Amino acid sequence: MDQFKDKVAVVTGAGSGIGRALARRAAREGMRVAAVDQHAGRLQALQDEIEQCGGVLMPASFDVSDAQAFGAFADRCCDALGTPDLLFNNAGILRVGETWTHDLAQWQTMLSVNILGVVNGVNVFVPRMLEKSTPSHVVNTGSVGSLVAAPGMAQYTATKMAVRGITECLANDLAAREAPIGVSLLCPGPVLTSISDDLMGIEAASEVVEAKDHMMAGQPDFMTPDDVAEVVFAGIRAERFWLFTHPFGQYLSDETARLVAGENPAYREVTFDQAAAAST
Ligand code: NAD
C-alpha cells in the first residue's frame, strides 16, 4: 500500500505515545482516522489537534480487550468513515516483575489487552478488508520483546511473542489467499512514551507528556514516537513485515547462533547496531 490520501486508518492506543504519533501521521497523510483509547480525555485532545489542521478524527473510547465493544466500534467506524485501509493494533500495557510474582488476575489483564486486543482488531476488520479487496495494510505492535526474553519481563514477553506469532500467521494466511493486504510487525526499542508511568506511580492524565518533556528525553537509544511513525509509514510503503525502530541484527544473529548451537538461555543485554537518532 503506498496511497494514503482520502483513505481510512484505525489506530488503537491512539491517546498517547506511538499510537498518537501514528494517528497524527495518518491525518497528515490526508487519511480519515478512527482513534481508539480507553482514556476519552486523551482522544479529545488529539481530536482537537487534528480537526484544527482540517483533518477528520472519529474518537472511540473503550477497552480493546472487550470483543463486543470492538465489534460495535467496527460497525460505527465502517458506517461513518468506511472500511479501514490501514489498521494499527497498537494498544498495549507493560508490567514488570519476576515470573512467579504475578497473580492470575494480572496475567488475565495482560493477556487480554496485549493479545486479545490485537485478536479483536483482526477479527472485526480483516474480513471487511478482505471483502473490500483493495490495497490495505495491518500493523500489529510487538516489541523487541517479541524476539528477546529479558529477566523481569515474563508477562510482557509472553504477550509480545504471541503477537509476533499471530502476526506472522496472519501474513501467511493472507498470502495464501493472494489478498492485497500487507502485514507488518512493529518491534520498537525504547521510545519516549507514557507506557512506564504506572510503574513509576505517575497517574494517567488526559494531557500526555510530549517526547521533548519526557524524563528519559536525551537518553541514548530512546526515540520519539514521531520517529517511530516515520519508520512505520516508510515500512508500509516498502511492504516490509519487520519494522525495527532500532536495528539489532548483530545481537539477533549472535543469539540465533547460540540457539542453533543448543546453548542454554542466558540473557545478554540487548545492544543496538547504532544509537537511535534521538530527535529531541
Ligand atoms: P503509551 O502508554 O504511551 O500509549 C498506549 C495507549 O494505549 C495509552 O493511551 C493507553 O490509554 C491505551 N491503552 C492501554 N490499554 C488499553 C486498552 N485496554 N484499551 C484501549 N486503550 C488502551 O504506550 P506506548 O509506548 O505508546 O505503547 C504503544 C505500543 O507500543 C504498546 O503495544 C507497547 O507494548 C509497544 N511498545 C512500546 C515501547 C516503548 O518503549 N514505549 C517499546 C516496545 C513496544
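In listed order, ligands and their atoms are each counted from 1. Position 1 is the first residue of the sequence, and the numbers go up from there. Since the model is a prediction, treat every value here as computed from it, not as a measurement.
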Amino acids contacting ligand 1, non-hydrogen cut-off under 4.0 Å = Gly13, Gly15, Ser16, Gly17, Ile18, Asp37, Gln38, His39, Arg42, Phe62, Asp63, Val64, Asn90, Ala91, Gly92, Ile93, Val113, Thr141, Gly142, Ser143, Tyr156, Lys160, Pro188, Gly189, Pro190, Val191, Thr193, Ser194, Ile195

Which word best sums up how the rings of Phe125 and Phe73 line up, parallel for under 30°, tilted for 30 to 60°, or perpendicular for over 60°?
-> perpendicular

Can Arg24 and Glu49 be counted as an ion pair, charged N to O under 4.0 angstrom?
-> yes

Could you walk me through whether Arg258 and Glu255 pass the salt bridge (charged side-chain N to carboxylate O under 4.0 Å, His left out) check?
-> CA-CA 5 Å; Arg258 291 189 173 99; Glu255 292 306 304; 2.9 Å; yes

Check Gly121 against Asn89 and note the closest heavy-atom contact, atom names and distance.
-> CA-OD1, 3.4 Å

With under 30° as parallel and over 60° as perpendicular, where do the rings of Phe233 and Phe88 fit, or are they tilted in between?
-> tilted

Please report the C-alpha distance between Thr167 and Asn140 in whole Å, then the side-chain angles of each, then the deciding distance to 0.1 Å, and finally whether the side chain to side chain donor-acceptor pair (under 3.5 Å) criterion is met.
-> CA-CA 7 Å; Thr167 310; Asn140 293 337; 3.0 Å; yes

